[in-house]
Number of protein chains: 2
Amino acid sequence: MTTSTQAPRRTRIQQEKRELILEAALEVFSTNGFRGSTIDQIAEAAGMSKPNLLYYFRRKEDIHETLMERLLETWLAPLRELDDIGDPMTELRSYIRRKLEMARDFPRESRLFANEILQGAPRIMPLLAGELKTLVDEKAAVIKGWMRAGKIARTDPWHLIFSIWATTQHYADFDVQVRAVLGPNRGGDGRFEDAARFLEQLFLDGLKPKN
Amino acid sequence: MTTSTQAPRRTRIQQEKRELILEAALEVFSTNGFRGSTIDQIAEAAGMSKPNLLYYFRRKEDIHETLMERLLETWLAPLRELDDIGDPMTELRSYIRRKLEMARDFPRESRLFANEILQGAPRIMPLLAGELKTLVDEKAAVIKGWMRAGKIARTDPWHLIFSIWATTQHYADFDVQVRAVLGPNRGGDGRFEDAARFLEQLFLDGLKPKN
DNA sequence: CTAACGTTTGTCCAATCGGTCAAAAATTTG
DNA sequence: CAAATTTTTGACCGATTGGACAAACGTTAG
């Protein structure tokens, strides 16, 4: 008789299969949205039958929930790293770079998150108003300190963070549009380096010509 | 006798009911996505029965298509207005302002568009690679002219346009997150003015402190 | 071996989906 | 008025959906 524990005890096969399902679900959910995705699609992408998938996750929503929980931590990691020590301008620049790298390397995660927010964040609203807000407020205070010390120009730290999120995630969420507009020549792999160069200049000096 | 139009001749009732349906569909599609929305939802929001709705639009996709066609024109209008005459910096500033106003006044349109792009733009890909790319290329040339004339700093015009789209539309597409992070105090109606102030400064001067 | 347990599958179900259709109701036309 | 046309509705259909379930299969410990 196996003793029951509070946290679910899992066999090796369960661990592996659950990972397989989550990987497949990330692919499917991020391109079709939650309601636009079917269990069959996920099961096929994971290489198993639907009832078999439902053996590991009893409901479609459970998969999505597990995915979102993991996602948030990964997603906020770069902001957590924003540190008070070190040169402010350098800190911000590397935050932007890290976020852009995430857009390049984890576009599915970005789209999954965007999908959730777009539809009103029904499943993660508490996290936004709780954990996320706390973190952003904390980092906004750090940035405010830099402004008071004259290390960076005075602006609204919250909107500064928003603008970094927006500009970097754009290259994941709107990738199709970016590539379509840049065309076959400039829409290749180099687009992220071009974006990095542009964003660095934008956030550093803006557009006003130096005379 | 009412004046005839070139293609589909429509009665007064048809015109009105089609408008009613499109308005309802905009609401439903923009919050649930295409596959996440049902004809019944749209019909209910429009105050009519499903078969009655299908009398005006034979397929669910027809509604979405009509919506997207209209949307794109409205959506690109601000960029079309970006004009070669007038002070470059002023032109860019008012483009940003207009885009931000659209995010404030037409968030549903923005979300509908974002939903479509997020899912790979299956229905408007030709428009992106055609009409949109042409327009952006054209405006990018204008901006390049400004750069050559030393009116604004030299950067990548395409990524500049992307960054304007990203930062402004963020306030429509990610509105839930923005309000959650700003909290009850700063997340009210003033958030768009704060955003306008911040974006103006960002695009003008960047973050480097003026010494 | 066998018993126990973990895993997989085929079958099935109720609900919902997009869409059809004929007939009723309302409106317009002569 | 009545006839013709447009609009609305209830009933219905096949396909797909999320999910249940028991039986079969595989694996391992004694």
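Numbers restart at 1 for each chain; the letters A, B, ... are given by sequence-line order, proteins then strands.
- For residues 33-53 of chain B, every residue pair satisfying the ring pair (Phe, Tyr, Trp, His ring centres under 6.0 Å) rule, not counting sequence neighbours, is listed here: B:F29-B:F34, B:F34-B:H64.
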Could you encode protein contacts along nucleotides 5-21 of chain D as a string, one character per nucleotide from 5' to 3', using B for base contact, S for sugar-phosphate-only contact and - for no contact, with a heavy-atom cut-off of under 4.0 Å?
-SBBBBB-----SBBBB
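- In this structure, B:E44 atom CD and C:dC17 atom P are separated by 11 Å, rounded to whole Å.
- The ring-ring contact (aromatic ring centres under 6.0 Å, His included) check on A:W146 picks up nothing, with sequence neighbours excluded.
- With respect to A:R123 and A:E116, a salt bridge is recorded, a charged nitrogen being found less than 4.0 Å from a carboxylate O.
- A salt bridge links A:D194 with A:R197: at least one charged nitrogen is closer than 4.0 Å to a carboxylate oxygen.
- For A:E91 (side chain) and A:L82 (main-chain N/O), no donor-acceptor pair under 3.5 Å exists by modelled atom type.
- Checking side-chain atoms of B:R80 against main-chain N and O of B:L76 turns up no donor-acceptor pair under 3.5 Å.
- Within the structure, the salt bridge (charged side-chain N to carboxylate O under 4.0 Å, His left out) test picks out no pair touching residues 158-173 of chain B (sequence neighbours left out).
- By the side-chain hydrogen bond (donor to acceptor under 3.5 Å, both in side chains) test, B:H170 is found to be paired with no residue, residues two or more places apart in sequence or in another chain being considered.
- Residues from residues 20-31 of chain A with heavy atoms under 4.0 angstrom of DNA chain D: there are none.
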